[in-house]
Peer 1: 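The structure's right below; bear with me while I get my questions together.
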Amino acid sequence: MELTNSLKKKTNSEVPADPRGVGFEPELTSRLLDSILENSSEIIFATNEKGIIQSISKAGGEILGYNPQELVGKDARELAAEPDRLDQLFQRCLEQGKLRDLELTLRHKDGIEIPCRGSISILLNEQAKTRGFVAVCSDISRWQKFDEELVRLDRLAETGRLAAGIAHEINNPLAVILEIIGWSRDLLADLKDLDPEHREELETAIEHIHKQTERCRSITRRVLAFARKAPPEKKEIDLKELLEETVTFLQPEFKYEDIQINFDFPSDPIKIISDPKKLEQVFVNLITNAIHAVKDKGSSQGRIRIKAALQDSFVEVSIEDNGIGIPYDIKKKIFDLFFTTKPAGIGTGLGLSISQNILKNLGGDIRFESEPGKGTTFTVKLPLVLK
Ligand SMILES: Nc1ncnc2c1ncn2[C@@H]1O[C@H](COP(=O)(O)OP(=O)(O)OP(=O)(O)O)[C@@H](O)[C@H]1O
Ligand SMILES: [Mg+2]
C-alpha cells in the first residue's frame, strides 16, 4: 500500500504538464514519434516545404499499397487523386497554419481512389520558419460505403412502403376483374347462336384478360408478401429434395432449351430447420434468373449448377450459371426493388429484393459474383437451425 502510494506520488510529480511529451529528452521524443508512426492506424505523413515526403506511418504505406520506404522522397501530390487540390491545400495551409476536417481523396498504388478525412498543418522549426507539412488522414471508404448502404436501405424501405400501398389498392379491383372474367365465360357458354369464329375470338380475348390479370395479381401478392412481417415457419427441410422439387416445378421454363441443371451435393443429406415456402420462393427466383441468363446468352449448352456445402453451423447453396453475366454498372442495383433489365411482361425486378428480404428474416444472407459474358454465381448462406 505504502509502496503504491509512493509510486503514485512519484509518477504524478513526473507527469509533464504538456501532454505532447516535451518533458522527454530528445531521444525519447524521437522514439515516441517512431512509435506513433509504427502503431497508428492513420495515414500520417510529413513533407518538406516543397511537399516531398520525409516520413510516413506504416499504416499509411499499407493503405496506399506501398512499403513506407518507397514513399520517402516522393512528391505527396502524386499520392492525391487530384494533385492540384493537394497543392492548393498546402498553399492555404501556409496562410492559415492549420486546416482541419478536410476531405481529400488519395490514390492507392493500383489506382483505386481512397476517400480520406483529416488535417494538414505546417511544421515550423525553432526560428518559426516553415520547414514542411504534416498531414493526418483517416481512410473513410468503409464509412462511405456504410453510409451509401444506409441510404440504399432507407430508399428500399420507402419504395417498399409505397409499393405495398399501391399493391393493396390494386388488389380489390383485380378481384372484381377476375370475378367479371368468370361471369363473362359463363355468359359466353350460354350464348347459343353465336357463330364459331366470333366465339373463338371472344374466348381468346377472355383468356388474355385472365392471364394478364393473374399476372398483376401475382405481382401485387409478391409486393404485399415483401412488406408483410409474418414470422417464419420452422420445419425440417431436406435441402436437396426442396431444390429438386423447385427444379421440377420450373421444368416448363427450360424443357425445350439446351439447358442442363446439375446438382453437386455431399452424399449425406443436408437437413435444416427453416421456412420451406419462403426458401422455395428464394430458389425459384434464383433459378429462374439463371435460366433467363443462359437463355439470353443465346448460345447452346446452357449450364446451371446447384451446389451445397456445409460450413460450421451454416450451409451455403450456390447457383452457378454460364449465362450473360451482370454488367459492372448494374451490379450495385440488382437488389433494388423494381430494378430489372428484362422486358415488360418477363421481369418486374422483385425477385432479388424479395429473396434478400426473406433471407435476412431467416438469419441468412445472399451474395454474388459475376463476370459479364461468362456467368454468375449467387450464394445463399443459411443457418442449419433457424433461431
Ligand atoms: N443469374 C443472373 N445473370 C445475369 N443477370 C442477373 C442474374 N440474376 C439477376 N440478374 C439481373 O438482376 C436483375 C434483377 O433481378 P430480379 O430477380 O430482382 O428481377 P427480375 O428477374 O428482372 O424480375 P422478377 O424476378 O421480379 O421476375 C435482372 O433483371 C437481371 O438484370
Ligand atoms: Mg428474377
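Starting from 1, each residue takes its place in the sequence as its number. Atoms within a ligand are numbered from 1 in the order they appear, just like the ligands themselves.
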Peer 1: Do Arg77 and Asp75 sit within salt-bridge range, that is, some charged N less than 4.0 Å from a carboxylate O?
Peer 2: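 Looking at Asp75 together with Arg77, the answer is yes, because their closest N to O distance falls below 4.0 Å.
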Peer 1: Do any heavy atoms of Arg222 fall under 4.0 Å from ligand 1?
Peer 2: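 Yes, that is the case, since the closest heavy atom of the residue is under 4.0 Å from the ligand.
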Peer 1: Hey, are Asn289 and Lys342 close enough side-chain-wise for a donor-acceptor pair under 3.5 Å?
Peer 2: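 Yes, side-chain donor-acceptor contact under 3.5 Å.
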Peer 1: Below 4.5 Å, heavy atoms only, C-beta onward: do Val294 and Ile324 meet side chain to side chain?
Peer 2: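 Side chain of Val294 against side chain of Ile324, heavy atoms only: no contact under 4.5 Å found.
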Peer 1: What is the distance from atom CG of Leu239 to atom CG of Leu382, rounded to the nearest 0.5 Å?
Peer 2: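 Rounded to the nearest 0.5 Å, the CG-CG separation comes to 7.0 Å.
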Peer 1: What is the nearest protein non-hydrogen atom to atom 5 (N) of ligand 1, stated with its residue, atom name and distance?
Peer 2: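 In this structure, atom 5 (N) of ligand 1 has Ile326 CG1, 3.4 Å as its nearest protein heavy atom.
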Peer 1: Hey, is Thr288 touching ligand 1 through its side chain, its backbone, both or neither, going by heavy atoms under 4.0 Å?
Peer 2: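 The answer is neither.
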Peer 1: Does the side chain of His198 come under 3.5 Å of the side chain of Asp195 through a donor N or O and an acceptor N or O?
Peer 2: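 Yes, because at least one side-chain N or O of His198 sits under 3.5 Å from a partner of the opposite role on Asp195.
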Peer 1: To the nearest 0.1 Å, how far is atom 30 (C) of ligand 1 from its closest protein heavy atom, and which atom is that?
Peer 2: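 Answer for atom 30 (C) of ligand 1: Thr341 OG1, 3.4 Å.
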Peer 1: Do me a favour and list the nearest non-hydrogen protein atom to atom 25 (O) of ligand 1 with residue, atom name and distance?
Peer 2: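 Checking every protein heavy atom, the shortest distance to atom 25 (O) of ligand 1 gives Gly351 N, 3.1 Å.
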Peer 1: Give me the nearest non-hydrogen protein atom to atom 21 (O) of ligand 1 as residue plus atom name, then the distance to 0.1 Å.
Peer 2: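 Of the protein heavy atoms, Lys342 NZ, 2.7 Å lies nearest.
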Peer 1: Give the atom numbers and elements of ligand 1 that come within less than 4.0 Å of a heavy atom of Ala293.
Peer 2: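 Heavy-atom distances to Ala293 below 4.0 Å select 2 (C), 3 (N), 4 (C).
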Peer 1: Could you list the atoms of ligand 1 found under 4.0 angstrom from a heavy atom of Ile334?
Peer 2: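 Near Ile334, the atoms of ligand 1 are 11 (C), 12 (O), 14 (C), 18 (O).
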Peer 1: Identify, for atom 17 (O) of ligand 1, the protein heavy atom at the shortest distance, and state residue, atom and that distance.
Peer 2: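 For atom 17 (O) of ligand 1, the nearest protein heavy atom comes out as Asn289 ND2, 2.8 Å.
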Peer 1: Please state whether Phe378 comes within less than 4.0 angstrom of ligand 1, counting heavy atoms only.
Peer 2: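 Under 4.0 Å: yes for Phe378.
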Peer 1: Are any of the N/O atoms in Asn285 less than 3.5 Å from those in ligand 1?
Peer 2: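 By distance alone, the answer is no.
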Peer 1: For a distance under 2.8 Å, tell me if Asn289 has an N/O/S atom near the Mg ion (ligand 2).
Peer 2: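 It does; at least one qualifying atom falls short of 2.8 Å.
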Peer 1: Looking only at protein heavy atoms, which one is nearest to atom 15 (O) of ligand 1, and how far off is it?
Peer 2: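 Here the nearest protein heavy atom works out to Leu352 CD1, 3.6 Å.
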Peer 1: For Ser318 and Thr379, which I'm curious about, is there any donor-acceptor pair between the side chains at under 3.5 Å?
Peer 2: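 No pair is found: no donor N or O on one side chain lies under 3.5 Å from an acceptor on the other.
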Peer 1: Report yes or no: do Leu64 and Ile140 belong to one cluster of Ile/Leu/Val/Met/Phe/Trp/Tyr joined by side chain heavy-atom distances under 4.5 Å?
Peer 2: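 Different clusters: Leu64 never reaches Ile140 through Ile, Leu, Val, Met, Phe, Trp or Tyr contacts under 4.5 Å.
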Peer 1: Heavy-atom count around Lys295 NZ within 6.0 Å, excluding the residue itself: above 12?
Peer 2: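 Counting neighbours around NZ of Lys295, more than 12 heavy atoms of other residues, nucleotides or ligands fall under 6.0 Å, so yes.
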Peer 1: To check your reading of the model: name the closest protein heavy atom to atom 19 (O) of ligand 1, its residue, and the distance in Å.
Peer 2: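 Among all protein heavy atoms, the one nearest atom 19 (O) of ligand 1 is Gly349 CA, 3.2 Å.
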Peer 1: Quick one: which of Asp321, Ile354, Ile324, Thr348 has a heavy atom closest to atom 26 (O) of ligand 1?
Peer 2: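 Heavy atom nearest to atom 26 (O) of ligand 1 belongs to Thr348.
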Peer 1: Between the side chain of Lys297 and the main-chain N/O of Gly373, is any donor-acceptor distance below 3.5 Å?
Peer 2: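 Yes, because the side chain of Lys297 sits within donor-acceptor range (under 3.5 Å) of the backbone of Gly373.
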Peer 1: Applying a heavy-atom cut-off of 4.0 Å, say which part of Thr376 lies close to ligand 1: side chain, backbone, both or neither.
Peer 2: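 It is the side chain that gets close, since no backbone atom is under 4.0 Å.
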Peer 1: Thinking salt bridges, do Arg185 and Glu207 make one under a 4.0 Å N-O criterion?
Peer 2: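 Between Glu207 and Arg185 there is a salt bridge, with a charged N closer than 4.0 Å to a carboxylate O.
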Peer 1: Please state whether Gly325 comes within less than 4.0 angstrom of ligand 1, counting heavy atoms only.
Peer 2: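 Under 4.0 Å: yes for Gly325.
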Peer 1: Quick test of your reading of the model: are Lys58 and Glu42 salt-bridged, counting only N-O distances below 4.0 Å?
Peer 2: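 Salt bridge between Lys58 and Glu42, a charged N being under 4.0 Å from a carboxylate O: no.
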Peer 1: I want to know if ligand 1 touches Leu350 in the polar sense, i.e. an N/O pair below 3.5 angstrom.
Peer 2: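 By distance alone, the answer is yes.
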Peer 1: How about Phe249: does its CZ atom have over 12 heavy atoms from other parts shown lying under 6.0 Å from it?
Peer 2: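 Atom CZ in Phe249 is not packed in, count stays at 12 or less.
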Peer 1: Which residue and non-hydrogen atom of the protein lie closest to atom 22 (O) of ligand 1, and at what distance in Å?
Peer 2: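 Going by distance alone, atom 22 (O) of ligand 1 is nearest to Thr340 OG1, 2.5 Å.
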